[in-house]
Chemist: 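Can you read through this structure? Questions will come right after.
This chain uses plain numbering: 1 for the first residue, then up along the sequence. As the structure is a computational prediction, the values presented were derived from the model and not from experiment. No hydrogens, no waters, no symmetry mates; every other heavy atom, side chains included, goes into these values.
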Amino acid sequence: MKRKAIVLLSGGLDSATVAAIAQNLDFDVHALSFDYGQRHKYELKCAAEIVKLLSIKHHLTVKCDLKIFGGSALTDEIDVPKNVPQNEIGKQIPVTYVPARNTVFLSLALAWAETIKCFDIFIGVNAIDFSGYPDCRPEFIESYEKMANIAMSITKDSPERLKIQTPLINMNKREIIKAGLALGVDYGKTVTCYDYSETEGSCGVCEACILRQNGFKEAGAQDPVKYRAANTICIITGAQAEK
């Protein structure tokens, strides 16, 4: 019997890559998605598509309304930042940070892990090409893992320790994309944009879109998602101007 792993699956590029990595490591993947009041709810449709493409047998979507707290451009009536210079991305915590999101998500993953006796949780956090979220840093993951092993019943009388697996944490977007393509990930089924439109596609100019587009460019690969044409041209022009 394969070893079980819970994979936090948002429907984005990073989480799709992590799901493929976990499968390639021969884990029995249990995908966990969250309907947390996010404005870009389309990502849940993408998560369902990824589950089908990877033939994942177990998939739960948990509803936990973080919108009631607000405080983020992803859950509140706050404008998503656009056209932030790439060299400024990650220098400070942006308004797209959702307070305690990864803490909440990992706690719910722990609950599922307890019930199915699972000692591996995969999460697609990244501390290289990222927007500077505090709950994506290695020290957060290390501290959370230590707490989890104290809190869980399945580790109390077992020599096994829970491991929060972060295979992307020290990879840049180019490396992540190349790893996913090598594993056959269809990035056309993922969404990264914080201001996505089902009719017009990704905005092309939010921080997430900028990091994604530059990652594909550096990987020498074509990004298969649809961007709003004018915005994408703007980004290419800006990059060329910097050179």
Chemist: Kindly give the heavy-atom pair with the smallest separation between Arg137 and Pro134, and that separation in Å.
Modeler: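 Smallest heavy-atom distance, with atoms named: NE-O, 2.9 Å.
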Chemist: Hey, does the side chain of Asp223 reach the backbone of Phe216 with a donor-acceptor pair shorter than 3.5 angstrom?
Modeler: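 Answer holds: no.
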Chemist: For the CD1 atom of Ile21 and the CG atom of Leu25, what is their distance to the nearest 0.5 Å?
Modeler: 7.5 Å
Chemist: Taking the side chain as everything from C-beta on, heavy atoms only, tell me whether Leu9 gets closer than 4.5 Å to Ser33.
Modeler: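 Of all side-chain heavy-atom pairs linking Ser33 with Leu9, at least one is under 4.5 Å.
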Chemist: Let's go through Thr192 and Ser202 carefully: what are the C-alpha distance in whole Å and the side-chain angles of both, what is the deciding distance for side chain to side chain contact (heavy atoms under 4.5 Å, CB included) to 0.1 Å, and is it a yes or a no?
Modeler: CA-CA 8 Å; Thr192 300; Ser202 299; over 6 Å; no
Chemist: Where do Met152 and Ala113 come nearest, in terms of heavy atoms and distance?
Modeler: CE-CB, 4.0 Å
Chemist: Hey, any chance Ile6 and Phe27 share a hydrophobic cluster, counting ILVMFWY side chains that come within less than 4.5 Å of each other, even indirectly?
Modeler: no
Chemist: So does Glu77 have more than 12 non-hydrogen atoms from other groups sitting under 6.0 Å from CD?
Modeler: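 Open.
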Chemist: Do Phe34 and Leu8 have side chains that get closer than 4.5 Å, going by heavy atoms?
Modeler: yes
Chemist: Going by the angle between their ring planes, with limits at 30° and 60°, are Phe140 and Tyr144 parallel, tilted or perpendicular?
Modeler: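 The arrangement is tilted - the two ring planes meet at 30° to 60°.
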Chemist: To the nearest 0.5 angstrom, please state how far the CZ atom of Arg228 sits from the SG atom of Cys203.
Modeler: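 Going from the CZ atom of Arg228 to the SG atom of Cys203 covers 5.5 Å.
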Chemist: Asn172 side chain to Ile128 main-chain N or O, any donor-acceptor pair under 3.5 Å?
Modeler: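 Not a single qualifying donor-acceptor pair exists.
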Chemist: Please say yes or no: joined through hydrophobic side-chain contacts below 4.5 Å, possibly via intermediate residues, are Leu168 and Ile123 part of one cluster?
Modeler: no
Chemist: Count I, L, V, M, F, W, Y as connected when their side-chain heavy atoms are under 4.5 Å apart, and connections chain through other members. Are Leu108 and Leu44 then in the same cluster?
Modeler: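 Not linked; separate clusters.
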Chemist: Does some side-chain heavy atom of Arg101 sit less than 4.5 Å from a side-chain heavy atom of Thr75?
Modeler: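 In short, these two side chains do not touch, never coming nearer than 4.5 Å.
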Chemist: Do you know which two heavy atoms are closest between Leu162 and Cys118, and how far apart they sit?
Modeler: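 Heavy atoms of Leu162 and Cys118 come nearest at CD1-O, 3.8 Å.
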Chemist: For Lys45, does the NZ atom have more than 12 heavy-atom neighbours from other residues, nucleotides or ligands under 6.0 Å away?
Modeler: no
Chemist: Are Tyr36 and Val191 connected, step by step, through hydrophobic side chains (Ile, Leu, Val, Met, Phe, Trp, Tyr) whose heavy atoms are closer than 4.5 Å?
Modeler: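 Unlinked, Tyr36 and Val191 end up in two clusters.
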Chemist: Answer yes or no: is there a donor N or O on one side and an acceptor on the other, between the side chain of Asp35 and the main chain of Lys41, under 3.5 Å?
Modeler: no
Chemist: Compare every heavy atom of Val18 with every heavy atom of Gly124, then report the nearest pair and how far apart it is.
Modeler: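 Where Gly124 meets Val18 most closely, the heavy atoms are CA-CG2, 3.6 Å.
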Chemist: Does any part of the side chain of Ser153, heavy atoms only, come nearer than 4.5 Å to the side chain of Glu114, both counted from C-beta?
Modeler: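 They are in side-chain contact.
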Chemist: Please step through side chain to side chain contact (heavy atoms under 4.5 Å, CB included) for the pair Gln23 and Leu54, ending with a clear verdict.
Modeler: CA-CA 8 Å; Gln23 278 198 331; Leu54 296 179; 3.6 Å; yes
Chemist: Given side chains that start at C-beta, do those of Phe69 and Pro99 come closer than 4.5 Å, heavy atoms only?
Modeler: no
Chemist: Please verify the inter-ring angle class for Trp112 with His30; under 30° counts as parallel, over 60° as perpendicular, anything in between as tilted.
Modeler: perpendicular
Chemist: Compare every heavy atom of Ala127 with every heavy atom of Pro138, then report the nearest pair and how far apart it is.
Modeler: CD-CB, 4.0 Å
Chemist: Tell me, with the steps shown, if Val7 and Ile56 meet side chain to side chain contact (heavy atoms under 4.5 Å, CB included).
Modeler: CA-CA 11 Å; Val7 176; Ile56 295 172; over 6 Å; no
Chemist: Please say whether more than 12 non-hydrogen atoms of neighbouring residues, nucleotides or ligands are located less than 6.0 Å from CG in Asp65.
Modeler: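 Atom CG in Asp65 is packed in, count exceeds 12.
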Chemist: Measure the shortest side-chain to side-chain distance between Cys206 and Asp195 over non-hydrogen atoms and say whether it is less than 4.5 angstrom.
Modeler: no
Chemist: Look up atom CD1 in Ile177 and atom CZ in Arg212, then write down how far apart they are to the nearest 0.5 Å.
Modeler: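 If I round to the nearest 0.5 Å, the distance is 7.0 Å.
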Chemist: Could you list the residues that satisfy ring pair (Phe, Tyr, Trp, His ring centres under 6.0 Å) with Tyr42, not counting sequence neighbours?
Modeler: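 So Tyr42 forms a ring pair (Phe, Tyr, Trp, His ring centres under 6.0 Å) with Tyr196.
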Chemist: Do Ile210 and Tyr97 belong to the same hydrophobic cluster, where Ile, Leu, Val, Met, Phe, Trp and Tyr are linked whenever their side-chain heavy atoms lie under 4.5 Å apart, directly or via other members?
Modeler: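 Different clusters: Ile210 never reaches Tyr97 through Ile, Leu, Val, Met, Phe, Trp or Tyr contacts under 4.5 Å.
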Chemist: Hey, what do you get for CG (Asp135) to CD1 (Ile141), rounding to the nearest 0.5 Å?
Modeler: 8.0 Å
Chemist: Atom CD in Glu160, atom NZ in Lys117: separation rounded to 0.5 Å?
Modeler: 12.0 Å
Chemist: Please give me the minimum heavy-atom distance between Ile176 and Tyr187, naming the atom from each residue.
Modeler: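 What the structure gives for the nearest pair is O-OH, 3.4 Å.
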Chemist: Distance from Thr17 atom OG1 to Leu181 atom CG, nearest 0.5 Å?
Modeler: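 Here the rounded value is 8.0 Å.
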Chemist: For Arg3, which of Asp28, Asp120, Asp26 qualifies under salt bridge (Lys or Arg N to Asp or Glu O under 4.0 Å)?
Modeler: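 Among Asp28, Asp120, Asp26, the one meeting salt bridge (Lys or Arg N to Asp or Glu O under 4.0 Å) with Arg3 is Asp120.
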Chemist: For residues Val98 and Phe105, determine if any side-chain heavy atom of one lies less than 4.5 Å from a side-chain heavy atom of the other.
Modeler: no
Chemist: Would one find more than 12 heavy atoms of other residues, nucleotides or ligands at under 6.0 Å from atom NZ of Lys67?
Modeler: no
Chemist: Sort and list the pairs that fulfil salt bridge (Lys or Arg N to Asp or Glu O under 4.0 Å) and have at least one residue in residues 171-182, not counting sequence neighbours.
Modeler: Asp14-Lys173
Chemist: Atom CD of residue position Gln92 - does it have more than 12 heavy atoms of other residues, nucleotides or ligands inside 6.0 Å?
Modeler: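 It does not: Gln92 CD has 12 such atoms or fewer within range.
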Chemist: Just so I know, are the side chains of Arg161 and Thr155 near enough to count as touching, which here means a heavy-atom distance under 4.5 Å?
Modeler: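 In contact.
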